[in-house]
Amino acid sequence: MVDMSEHGDRSGRSLPGAGLAKGLAVTLKTMTRRSTTQQYPDVAPDLPPRSRGVIALLEENCTVCMLCARECPDWCIYIDSHKEEVAVPGAARPRQRNVLDRFDIDFSLCMYCGICVEVCPFDALHWSPEFEYAEYDIKDLLHDKDHLGEWMATVPPPPAHDRHGEPAKEETAAARKAAAPTAPPARPAAPRGTPPARPAPDRVAPPAGDRGTPAGGRPDEGGTPGAEAPGAEASGPEAPGADGGAAR
């Protein structure tokens, strides 16, 4: 805690009139300088490139996502829209899209925080340095989409990217995509109803000692000597003769 007695002692030790002397010193310093007066409105002021004058609308980029109206802390953005069907060639059914009917901004409530410009995912809202839109009636500060679209002509181009700064996300993604190896072309899909092709079975050669006698009764060169072809007549004392008796 601060000791009030010490604080009182310190204030009592200061010279009387020290604050007045400091103020008069600043006054005397500025009196010796030449004053500069901006000749407005005859001469337009030189505004910074990122000055926040008014919010301009690019209607073609608006998808009526309602992000700007929901994120606005002052609730000064009013949006109305309707859906319409769009026929797409080759599609089974028509698609729907949102059509912007109303986009108004009440600048009597706007506090120029820029949240609506930052959250717009399709760059439909931009800052314009235009500031000459004062009105005699506060109700006239409610501007519609046509008036907001006219201010797009006053939006300056974006500043050049700092070459010593961090690269943009789009540049990083493009460089990563270019450095990635090219994938082989995909095979065309088979038509519906066609059974998948079966792989051919691998032919395995039999071992050298298990080769049999081919059809025809002649043993193979590499076969077992003495092997008989299937269907050949058996020889020996028990082989039946031509008349069905035993051979002698």
Side-chain angles (χ1 to χ4, degrees), residues 47-105 110-130 145-146 148-205:
L47 299 177
R50 299 185 63 184
S51 60
R52 299 183 177 186
V54 73
I55 299 174
L57 170 67
L58 185 59
E59 186 177 352
E60 293 79 8
N61 291 3
C62 182
T63 60
V64 200
C65 63
M66 305 295 291
L67 279 177
C68 55
R70 289 198 296 263
E71 297 296 333
C72 179
D74 294 332
W75 290 71
C76 62
I77 301 177
Y78 311 100
I79 301 176
D80 290 332
S81 65
H82 71 277
K83 295 183 179 292
E84 68 175 15
E85 294 184 351
V86 180
V88 180
R93 58 181 180 178
R95 297 181 180 179
Q96 291 185 351
R97 70 170 184 176
N98 294 323
V99 180
L100 185 63
D101 295 332
R102 178 192 180 193
F103 195 104
D104 297 348
I105 298 180
C110 180
M111 65 179 187
Y112 303 92
C113 62
I115 294 179
C116 57
V117 179
E118 297 295 334
V119 301
C120 182
F122 299 103
D123 293 336
L125 298 175
H126 301 268
W127 277 116
S128 168
E130 184 67 28
K145 62 177 183 178
D146 296 332
L148 297 177
E150 294 176 358
W151 281 324
M152 279 299 303
T154 61
V155 175
H161 186 72
D162 186 8
R163 59 188 182 91
H164 298 292
E166 183 180 357
K169 296 181 180 179
E170 293 79 3
E171 297 178 359
T172 306
R176 190 180 306 167
K177 186 177 181 180
T182 305
R187 296 182 179 180
R192 294 183 178 179
T194 305
R198 296 181 179 179
D202 298 336
R203 296 182 179 180
V204 180

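Both backbone and side-chain heavy atoms feed into the values below; hydrogens, waters and symmetry mates do not.
- A donor-acceptor pair is defined here as one N or O able to donate and one able to accept, closer than 3.5 Å; such a pair exists between the side chain of N61 and the backbone of D123.
- Between L57 and M152, the shortest heavy-atom distance links the atoms O-CG, 3.2 Å.
- Side-chain contact between V99 and K83 is absent, with no heavy atoms from C-beta onward closer than 4.5 Å.
- Atom CD1 in I77 sits 9.5 Å away from atom CG in L148 (nearest 0.5 Å).
- Within the 4.5 Å cutoff, no side-chain heavy atoms of F103 are placed close to those of E59.
- The shortest distance between side-chain heavy atoms of V155 and W127 does not fall below 4.5 Å.
- Of all non-hydrogen atoms in D101 and K145, the two that sit nearest each other are O-NZ, 3.6 Å.
- When the shell of 6.0 Å around CD of Q96 is examined, it contains more than 12 heavy atoms from other residues, nucleotides or ligands.
- The only option from L67, T63, L58 that meets the side chain to side chain contact (heavy atoms under 4.5 Å, CB included) definition with F122 turns out to be T63.
- No option in L125, N98, L100 other than L100 meets the side chain to side chain contact (heavy atoms under 4.5 Å, CB included) test with C62.
- To the nearest 0.5 Å, the span separating CZ on R97 from NE2 on H82 amounts to 8.5 Å.
- The minimum heavy-atom distance linking S51 with L47 is given by the pair OG-CB, 3.9 Å.
- For the residue pair I79 and C68, the shortest heavy atom distance occurs at CD1-SG, 3.7 Å.
- The two residues M111 and P73 make their nearest non-hydrogen contact at CE-CG, 3.3 Å.
- Surrounding CZ of R95 are at most 12 heavy atoms belonging to other residues, nucleotides or ligands under 6.0 Å away.
- To the nearest 0.5 angstrom, C113 atom SG is 7.5 Å from R52 atom CZ.
- Minimum interatomic distance between P121 and C65 (heavy atoms only, all atoms of both residues): CD-SG, 4.0 Å.
- Taken from CG in D74 to CD1 in I105, the straight-line distance is 11.5 Å, to the nearest 0.5 Å.
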